Protein chains: 2
Amino acid sequence: MSMLLDERRESILKIVENKGFVSLVDLMDSVGASESTIRRDLEYLDGIGQIRRTRGGAAYSGESLSTFEDRSFMSSRQKRQVAQAVANMISPGEAVLMDGGTTTLEVARQLAGKQLQVVTNSLPIANLLVNQPQIDLMLIGGFLFPKTGVALGKTAVESLKSVHVRRLIISVGGITEDGLYNSNMLLVETEQQMFEAAEEVIVVTDSTKFGHSALAYLCPLDTVDHIVVDDGITEEWKDVIRKAGIELTVVET
Amino acid sequence: MSMLLDERRESILKIVENKGFVSLVDLMDSVGASESTIRRDLEYLDGIGQIRRTRGGAAYSGESLSTFEDRSFMSSRQKRQVAQAVANMISPGEAVLMDGGTTTLEVARQLAGKQLQVVTNSLPIANLLVNQPQIDLMLIGGFLFPKTGVALGKTAVESLKSVHVRRLIISVGGITEDGLYNSNMLLVETEQQMFEAAEEVIVVTDSTKFGHSALAYLCPLDTVDHIVVDDGITEEWKDVIRKAGIELTVVET
DNA sequence: ATTGTTTCTGAAAGTTTTTGATGGTATTTT
DNA sequence: AAAATACCATCAAAAACTTTCAGAAACAAT
């Protein structure tokens, strides 16, 4: 049973998505290729983010919503410090709009205990804050994306039109001189509506995102009021940000 | 039955989340690994904060899941059987609207694996289904109620106006000859809009609810198409339901 | 068609990680 | 205090992973 390379990889992908977890041996069986070949396929599919390699086989990467495996670049210590800095900017009684993402989730964690009104389209953030008695929580509905657990699409955009908050806290996939980027068209569409709803935009990110763009263009730099980042950021980028009239907070870690 | 490392750990996590507490011996049994291995897994999961190790086993450390308290009268076994009966009525590919509540949550659990479109305003249900690759999940937004984790209010009602599904699955606080009741005005308001969105209304409940009303009137009996209940229901009530032209499914337990 | 080039494949050797078992230490129970 | 139970550290075997290499297959150009 000989198979084309792409055909085989497609087939592996389907099996993994279907079963959730597959062992390497199972794949050898059902695809009819050698161990080495399957390994290489898994390596490739993991590289493009379609699956997650695990010892002994592969797992569907859609399950990665839980903190089970968080392979972001910032260490969790760094991330927590950056998140703390953002949380400190929020005054009691404020209305805050929060985008999804692991960094904003960490911010949410630091907000616990404050008296606030929080609006979010992120399921993990909602989970975290729903039982905080001091926090009024409003959920933005829409189609839920498995990987990240955020609500997107027409419904989300429509709901956001009737929202007005003091601050928006958002994270991005990339920043260049031209502006901000994120990885997904639907995500960007929803986030653009978020800008309309907020008086002030705070971007939380890590220093590795500077200089990199991503699939979808989000907005020009001047849409942003404030950027909070770890101290890995270069002097050049500090200049770029400040010259664009954006307030910059660099968190020492 | 040999299991992949990550698969096993995820499986342990699920068991712990589900039961609240599990002994080490139980885990050895149900995942089929040695004491050492389970210990190491627990150590790891505790390390990343997903569970709490305790002498003799592990406990769930979760932020939200356990806080949706289960104050229903039905035993969990009974409830699961009733939920199973409801889940069996749903055909693949269907669009289902699901209300919040511990019974409907159990139904959601039984729906896992089916290919479906699910619309819900319940945070716990969304959590449960968001990582099911076969399920398209749409979240209804609104103000989140801490105790139950459901989204209610004007936003929820508005969002529901653009929803159309085959079936609505709903639970109630009380049933009398006059109709259905629930405990909260906002809840009722949202649920009334749900009726508009569905072709067929299925009520899941336990037999103790018959003859009791509650704070807020929801709808007359003839709004309902189908009631599923445990076998504690009296003959008198069976008559009432059938005479109202409602299909009745009594689940033997 | 043939030759040279590149990519893909399967096998083997060597390295790392995981696993279950064992014996010893802590903690709880009787 | 003794017994029972649970925990921890260590170790050799097993399983899984990486690297490397030579042959096969695909591709391009003559």
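In what follows, every chain begins at residue 1, and chains take the letters A, B, ... in the order their sequences are listed. Only a predicted model underlies this, so the values are computations on that prediction, with no experimental measurement involved.
- If you measure from atom CD1 of I38(B) to atom C1' of dC7(D), you get 15 Å, rounded to the nearest angstrom.
- Ion pairing between E235(A) and K238(A) holds under the 4.0 Å rule for side-chain N and carboxylate O.
- Residue E43(B) contributes atom CD, which lies 15 Å from atom C1' of dT17(C) at whole-angstrom precision.
- With hydrogens and angles ignored, a donor-acceptor pair closer than 3.5 Å exists between the side chain of R40(B) and the base of dG20(C).
- Under a 4.0 Å N-O distance rule, the pair R9(A)/D6(A) does not qualify as a salt bridge.
- Going from atom CD of E7(B) over to atom P of dT18(C) covers 16 Å, rounded to whole Å.
- Look at T37(A) and you'll find a side-chain N or O under 4.0 angstrom from OP1 or OP2 of dG10(C).
- If you take CG of L42(A) and C1' of dT9(C), they are 15 Å apart, rounded to a whole angstrom.
- Residue M28(B) contributes atom CE, which lies 13 Å from atom C1' of dT19(C) at whole-angstrom precision.
- Looking only at side-chain heavy atoms (C-beta outward), I90(B) and I169(B) come within less than 4.5 Å of each other.
- Rounded to a whole Å, the CZ atom of R8(B) is 11 Å from the P atom of dA16(D).
- Computed from coordinates, the R53(B) CZ to dC7(D) C1' distance equals 8 Å when rounded to whole Å.
- Nucleic acid contact for S23(B): none, since no nucleic acid atom lies under 4.0 Å from a heavy atom of the residue.
- One can place CZ of R39(B) at 4 Å from P of dC7(D), the figure rounded to the nearest angstrom.
- Phosphate proximity of dG20(C) to S36(B): absent, as no side-chain N or O sits under 4.0 Å from OP1 or OP2.
- The side chain of R55(B) has dA6(D) as its nearest neighbour among dT18(D), dG20(C), dA6(D).
- A donor atom on one side chain and an acceptor atom on the other are found under 3.5 Å apart for E106(B) and Q110(B).
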